[in-house]
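Since the structure comes first, as structure tokens, the remarks are kept for the end.
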Amino acid sequence: MTVRVRFAPSPTGYLHIGGARTALFNWLFARKHGGEFILRIEDTDQKRAVPGAIEAIMDGLRWLGLDWDEGPDIGGPYGPYIQTQRADLYQQWANWLVEHGHAYKCYCTPAELTEMRQAQMAAKQSIGYDRRCRNLTPEQRAAKEKAGLKPVIRFQAPLEGETIVPDLIRGDITYNNTQIADSVLLKSDGLPTYHLANVVDDHFMAISHIMRADEWINTAPLHIHLYKAFGWQPPIYAHLSLVMNPSGKGKLSKRTQAFTDSGQEVLVKVSEFQEAGLLPEAVVNSLTNVGWSFGDDVEKFTPEEAMPRFELEAINPAPSRLNYTKLDWLNGQYIQEMSPSALAQAVKPFLDAAGIEVNPEALTAVMPAMRVRLKRLKDALLFLRFLFDDAPVELSAEQLTHKKLLREAAHEAFKQMRDLVRTIEPYDLETLGPALMKLGESVTSNGKAGPFLGMARLAVTGQEVSPPLFESMVALGRERTLARLDEVIALFTADGG
RNA sequence: GCCCUCAUCGUCUAGGGGACUAGGACGUAGGCCUUUCAAGCCUAAAACCGGAGUUCGAAUCUCCGUGAGGGCACCA
């Protein structure tokens, strides 16, 4: 069987990380089997359509490296790939169902339906359309038409029996047919609902496997009956578990943008991952680990390495969350593998966005010292800030003392360092390094330079985590280094030292 | 109210009747190294939701609880 799978988002906005995971699993499966990955836009709810959303979704997929073989931009043999452009097809098949006794026209108004639903809730009954239009007589129908009511087409669901939904991840799921609603297939505006469009398109686009989120699982029995009514073969189902909020409360897809959860930043849109300085390789790697496992205790791998091992049956049915901290770790791993020039290039846009101008060579030069400290590309901004920002350092004398270098000694050490920086020639890495080491050894109570050098780095860069001291001093230059040391020495005298 | 799904360390997971003293990763704690931090290396703490049953033997199979999640639109 030729594998043909699809990712079918609604153009209601950006690409969501949960959607990206669904797309990724489809893509992985298609690529593994040498099949096709199709992008289809489900825009039959015109009220919710957002201009530019299709482009935004495609941008997200491209950034992640998920390329599609057929889609709205590139076309394909089964197009068009935008559902509103296929409206005639859905109408045709909706009418076919009516003619063949599998669907009927319903004239209920939205107000009527709302009232019905409220009554059901008040009576604590189960909620759903009560099929009041299912058995209208031709006379009743004619009367409704005459009154100018625009009908919808509803599916005539079976009233008894059971339906089995075979699912590759969950096994067979049995539904009592009383649970299947007479759902609307064609809306009064002439456009289809998800149910109809989905079944018609999957059939005519020759989709072999449906991989979609778990939230769709309860629509599967209805869809199976639609296939049956049409006399078509249903695709193979695989319902993916949902990606939850990091707290575990609720599905992440309910969130539309980044938010904070118990102090932790939670990224939601794919574009937010990009803007935060995460690499697409790391995001894809992390996403592949949500609900699936490479095996052999391997955590870091490329999609190409994952493909031969990727099996739908091995997908974990339990809902899970994206481990953002682990994503940061993975991102750091990927960053460490980058060459200084590649990294500088990747970091550049973030500096540009912050209005910081650097020449590429200088930037490349600091990358080796910085690389191992970066979790996200954007962190470079923080680590390099001391180079561009001469605002007074926000430090206290307490931060600049150590158990091996108490306050008085630290004060004295910084003064000695200032003298050294003022007079040393030449002011470069080779000279500065040994001289500061020596100074450090002479000022601490244990004769080790470490404590002093740590504090000196804090003084010079103003940051807990920053590039190493000597490199930082050289990058900063003699005059600016002296200015910072002056500031720091003043701290000791200012607050009662 | 009705229906569906799911359940292993804090998180992501491995395991699918005996190889389990339950493995790995992130995170956490401690140590080493070191030019502090970071990175790297080493060590540690940390889980089979509960109860019945099947079986010589259950994390693994069955049932019942419990908990969590999802669905029940002229939204997808």
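Just so it is clear: chains get the letters A, B, ... in the order the sequence lines come, proteins before strands, and each one is counted from 1. Just the heavy atoms: all of them, side chains too, but no hydrogens, waters or symmetry mates, feed the values below.
Across the interface with RNA chain B, nearest-nucleotide mapping of A:Gln83 and A:Arg21 shows A:Arg21 to be the residue nearer the 5′ end. Of the residues near RNA chain B, A:Val298 and A:Asp172, the one whose nearest nucleotide (by heavy atom distance) lies more toward the 5' end is A:Asp172.
Residue A:Asn316 is classed as a sugar-phosphate contact, given heavy-atom separations below 4.0 Å to backbone atoms only. Looking at heavy-atom distances under 4.0 Å, A:Met244 makes contact with sugar-phosphate atoms alone, never a base. Note on A:Arg371: nothing from the nucleic acid sits closer than 4.0 angstrom, heavy atoms only. Nucleic acid contact for A:Leu469: base, since at least one base atom lies under 4.0 Å from a heavy atom of the residue. Nucleic acid contact for A:Gln179: sugar-phosphate only, since backbone atoms but no base atoms lie under 4.0 Å from a heavy atom of the residue. Backbone-only engagement by A:Pro192 is indicated by non-hydrogen atom pairs under 4.0 Å involving sugar-phosphate atoms exclusively. Residue contacts for A:Thr44: at a heavy-atom cut-off of 4.0 Å it reaches the sugar-phosphate backbone alone, with no base atom in range. Residue A:Tyr324 is out of contact with every strand shown, counting any heavy-atom pair closer than 4.0 Å. The residue A:Thr325 sits close only to the backbone: its heavy atoms come under 4.0 Å of sugar-phosphate atoms, none of a base. Using a 4.0 Å heavy-atom distance criterion, A:Gln120 is classed as making no nucleic acid contact. Counting any heavy atom pair closer than 4.0 Å across all strands shown, A:Arg321 reaches sugar-phosphate atoms only and no base atom. Within the 4.0 angstrom heavy-atom criterion, only backbone atoms of the sugar-phosphate kind lie near A:Gly250; the bases stay farther away. Among the heavy atoms of the strands lying under 4.0 Å from A:Gly291 are primed sugar atoms or P, OP1, OP2 only; no base atom is included.
Contact annotation: side chain of A:Glu215 to base of B:rG69, donor-acceptor pair absent below 3.5 Å. A donor N or O paired with an acceptor N or O is found under 3.5 Å between the base of B:rC37 and the side-chain atoms of A:Arg373.
Less than 6.0 angstrom separates the ring centroid of A:Tyr194 from the ring centroid of A:His223.
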Please output the side-chain donor-acceptor pairs of residues 243-254 of chain A that fall under 3.5 Å, not counting sequence neighbours, one pair per line with the distance.
unit_1, atom_1, unit_2, atom_2, d
A:Asn245, ND2, A:Lys249, O, 2.7
A:Ser247, OG, A:Lys249, N, 3.2
A:Lys251, NZ, A:Glu215, OE1, 2.4

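Here A:Lys187 does not reach the OP1 or OP2 of B:rA73: none of its side-chain N or O atoms lies under 4.0 Å away. Listed pair A:Lys375 / B:rA38 fails the phosphate criterion, with no side-chain N or O lying under 4.0 Å from OP1 or OP2.
With A:Asp182 as the partner, the salt bridge (Lys or Arg N to Asp or Glu O under 4.0 Å) test is satisfied by one option alone out of A:Lys105, A:Arg154, A:Arg131: A:Arg131.
Below 30°, between 30° and 60°, or above 60°: for A:His16 and A:Tyr14 the angle between ring planes is between 30° and 60°, a tilted geometry.
Atom CD1 in A:Ile169 sits about 14 Å away from atom P in B:rU5, given to the nearest Å.
Closest to the A:Ser320 side chain, of the nucleotides B:rU13, B:rA25, B:rC75, is B:rU13.
Rounded to a whole angstrom, the distance from the C1' atom of B:rA45 to that of B:rG27 is 13 Å.
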